Protein chains: 2
Amino acid sequence: MKDDTICEVNLVDRENVELVQSQMANQKQAMQVAEFFKTLSDPARMRIIEALSIRRLCVCDLAYIVGLSQSATSHHLRSLRDKRLVKFEKNGKMAYYSLDDEHVAGAFAAVLKHVVLEHVVHREVY
Amino acid sequence: MKDDTICEVNLVDRENVELVQSQMANQKQAMQVAEFFKTLSDPARMRIIEALSIRRLCVCDLAYIVGLSQSATSHHLRSLRDKRLVKFEKNGKMAYYSLDDEHVAGAFAAVLKHVVLEHVVHREVY
DNA sequence: TTGATATCTGAACACACATTCATATATAAG
DNA sequence: CTTATATATGAATGTGTGTTCAGATATCAA
C-alpha cells in the first residue's frame with residue numbers, strides 16, 4: 001500500500017507511477033482514440049453512422065431519419081467526410097452517402113486494441 | 001436506384017427510409033451509447049480510464065500521470081464516479097481510485113453490441 | 001489546539017461545437 | 001434563360017464543458 005510515503009510535488013508512489021506510465025499507450029494514441037469517440041459522442045452523428053451502416057442514403061432521407069434539418073445533416077456529413085468515416089457519390093442533384101467501410105473498420109479495430117483489450121487483459125488484483 | 005422520384009417534404013425514397021428505420025435501434029439506445037462515447041471523448045478522461053485499468057491509484061499520482069492539476073483530475077473523477085465507471089476507497093487522507101470493472105465491462109458490451117456488430121453483420125451490397 | 005497535507009467543490013472564464021439562417025452552387029425541367 | 005430542387009457552406013447564436021481559482025472539508029502530526 002505504501003501510504004506512509006509523503007506526497008512531495010504530487011507524487012506518492014513513484015514506483016507505482018512509473019509502472020503505470022510504462023504500460024500506458026502514448027498520449028498521441030490516446031488522443032486519436034478520444035477523437036474517434038468524440039465523433040460518435042453526438043446522438044445525431046451516432047444515428048447517421050447507424051443508418052448508413054444499413055443502407056446508402058441521400059441527404060434528405062438521412063435528415064428525415066435522424067430528425068435534423070437538411071443543413072445540420074449536411075454539416076455533420078462534412079465532418080464525417082473529413083474524418084473519412086463516410087464517403088459519397090453525386091448522382092445528378094442528389095448526393096448518396098455510405099460508410100467508408102475500410103476506414104470505419106480500421107478505427108474500430110484501433111479502439112478495440114487500445115481500450116477494450118487493454119482492459120480485459122490487465123485483470124490483476126490491485 | 002429510384003432517383004427518378006421527386007423529393008417532396010424531404011423524402012425521396014419512402015420505402016428505403018422505412019426499411020432503415022425498422023432496422024435501427026431506438027433513439028434511446030443510440031443516446032445511451034453516445035453518452036458513453038462522450039465520456040471517453042476527452043483525452044484526459046481517456047487516460048484516466050487507461051491508467052486505472054492498469055492499477056489502482058491515488059488522486060495526486062493519477063494527476064501526475066495524466067498531466068492535469070489535482071483539481072481538474074478530481075472533477076473528472078467525480079463525473080466518472082457519477083457514471084459508475086470508477087469507484088474509490090478512502091484511506092486516511094488519500095483516496096484510491098480503481099475501475100468499476102463490472103460496469104465498464106457492461107458498458108463496453110453494450111457498445112459492441114449496438115455499434116460494432118451492427119456494422120459487421122449488415123454488410124450488404126447497396 | 002495549530003499547521004500541513006490530500007481531496008473535494010462551487011463559481012467564473014474561456015473555448016468548442018451543434019444548430020439555425022441566409023445564401024451560394026449545381027443540376028434538372030420547362 | 002428561368003424556375004425549382006438538392007446540397008453545401010459561412011456567419012451568428014446559444015449551449016455545453018474543461019480548466020482554473022479560491023476556498024471548504026477531512027485527516028494526520030506536532
Side-chain angles (χ1 to χ4, degrees), chain A residues 1-13 17 30-31 34-35 37-48 56-83 86-98, chain B residues 1-13 17 30-31 34-35 37-48 56-64 66-83 86-97:
Chain A
M1 284 288 185
K2 276 189 187 170
D3 42 336
D4 45 73
T5 343
I6 297 166
C7 179
E8 309 157 338
V9 199
N10 295 332
L11 254 180
V12 172
D13 189 337
V17 166
M31 280 178 60
E35 190 71 23
F37 281 136
K38 192 189 280 181
T39 302
L40 296 179
S41 71
D42 181 78
R45 278 193 299 271
M46 185 81 212
R47 282 175 70 78
I48 288 176
R56 192 176 84 138
L57 289 163
C58 69
V59 177
C60 68
D61 283 358
L62 194 50
Y64 177 85
I65 290 171
V66 300
L68 287 184
S69 70
Q70 175 273 319
S71 180
T73 306
S74 189
H75 278 297
H76 282 303
L77 286 170
R78 174 155 159 63
S79 93
L80 290 171
R81 242 179 3 190
D82 289 346
K83 286 155 189 159
V86 307
K87 56 189 177 185
F88 79 115
E89 297 170 64
K90 284 215 99 176
N91 193 337
K93 291 183 289 192
M94 323 283 286
Y96 284 93
Y97 281 79
S98 53
Chain B
M1 283 291 183
K2 275 189 187 171
D3 42 335
D4 44 69
T5 344
I6 298 164
C7 179
E8 309 158 338
V9 200
N10 294 332
L11 253 179
V12 171
D13 189 338
V17 166
M31 280 179 59
E35 190 70 22
F37 281 138
K38 192 189 280 181
T39 302
L40 296 180
S41 70
D42 181 79
R45 279 194 298 273
M46 185 80 214
R47 282 174 69 79
I48 288 176
R56 193 175 84 138
L57 289 163
C58 68
V59 178
C60 69
D61 283 357
L62 193 51
Y64 177 84
V66 300
L68 287 184
S69 71
Q70 178 272 320
S71 180
T73 305
S74 189
H75 278 296
H76 282 304
L77 285 171
R78 175 156 158 62
S79 93
L80 290 171
R81 241 176 5 187
D82 289 346
K83 288 157 189 156
V86 306
K87 57 189 177 185
F88 79 115
E89 297 170 65
K90 285 214 96 174
N91 194 336
K93 291 182 288 190
M94 322 285 284
Y96 284 93
Y97 281 81

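Keep in mind that this is a model prediction, so the values were computed, not measured. Throughout, protein chains are lettered first and strands after them, A, B, ... in sequence-line order, and every chain is numbered starting at 1.
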Exercise. Quickly work out the A:Asp42 CG to C:dC17 P distance and round it to whole Å.
Key: 11 Å
Quiz item: Quick one: is C:dC17 close enough that its OP1 or OP2 comes under 4.0 Å of any side-chain N or O from A:Lys38?
Solution: yes
Practice problem: Supply the atom-to-atom distance A:Phe37 CZ to B:Phe37 CZ, rounded to the nearest 0.5 angstrom. | Solution: 5.5 Å
Self-check item: Upstream residue (5' side of DNA chain C) when B:Arg78 and A:Lys90 are each assigned their closest nucleotide
Solution: B:Arg78
Quiz item: Between C:dC8, D:dT20, C:dT7, which nucleotide gets closest to the side-chain atoms of B:Ala72?
Solution: D:dT20
Quiz item: Just how far, in rounded Å, is P of D:dT7 from CZ of A:Arg81?
Solution: 12 Å
Self-check item: Heavy-atom closest pair, residues A:Ala34 and B:Asp42
Solution: CB-C, 4.1 Å
Quiz item: B:Lys93 has an atom NZ; how far is it from atom C1' of C:dG3, in whole Å?
Solution: 11 Å
Quiz item: Quick one: on DNA chain C, does A:Ser71 or A:Arg45 contact a more 5' nucleotide (nearest heavy atom)?
Solution: A:Arg45
Self-check item: Listed nucleotide nearest any side-chain atom of A:Leu68, set C:dT20, D:dT9, C:dT19
Solution: C:dT19
Quiz item: What integer distance in Å separates A:Leu80:CG from D:dA8:P?
Solution: 12 Å
Self-check item: Atom-pair distance (CG on B:Asn91; C1' on C:dT7), nearest Å
Solution: 13 Å
Self-check item: pair B:Pro43-A:Met31: side-chain heavy atoms closer than 4.5 Å
Solution: yes
Quiz item: Could you give the CD-to-P distance, from B:Gln70 to D:dG23, as a whole number of Å?
Solution: 16 Å
Quiz prompt | Closest approach of A:Ser41 to B:Lys38 (non-hydrogen atoms, all atoms of both residues) | solution = CB-CA, 3.4 Å
Quiz item: Atom CG of A:Asp61 to atom C1' of D:dT5: distance rounded to whole Å?
Solution: 14 Å
Quiz item: Given B:Tyr97, which of B:Arg81, B:Lys87, B:Arg56 fulfils the side-chain hydrogen bond (donor to acceptor under 3.5 Å, both in side chains) condition?
Solution: B:Arg81
Exercise. To the nearest Å, give me how far apart CD (A:Glu89) and P (D:dT7) are.
Key: 14 Å
Practice problem: Would you mind telling me which of C:dT27, C:dT5, D:dA8 lies closest to the side-chain atoms of A:Phe88? | Solution: D:dA8
Quiz item: Does A:His75 stack onto the base of D:dT9, taking stacking as ring centres under 5.5 Å apart and planes under 30° apart?
Solution: yes
Quiz prompt | N or O in side chain of B:Ser69 less than 4.0 angstrom from D:dT20 OP1/OP2 | solution = yes
Quiz prompt | Of the listed nucleotides D:dT19, C:dA18, D:dT7, the one nearest the side chain of B:His76 | solution = D:dT19
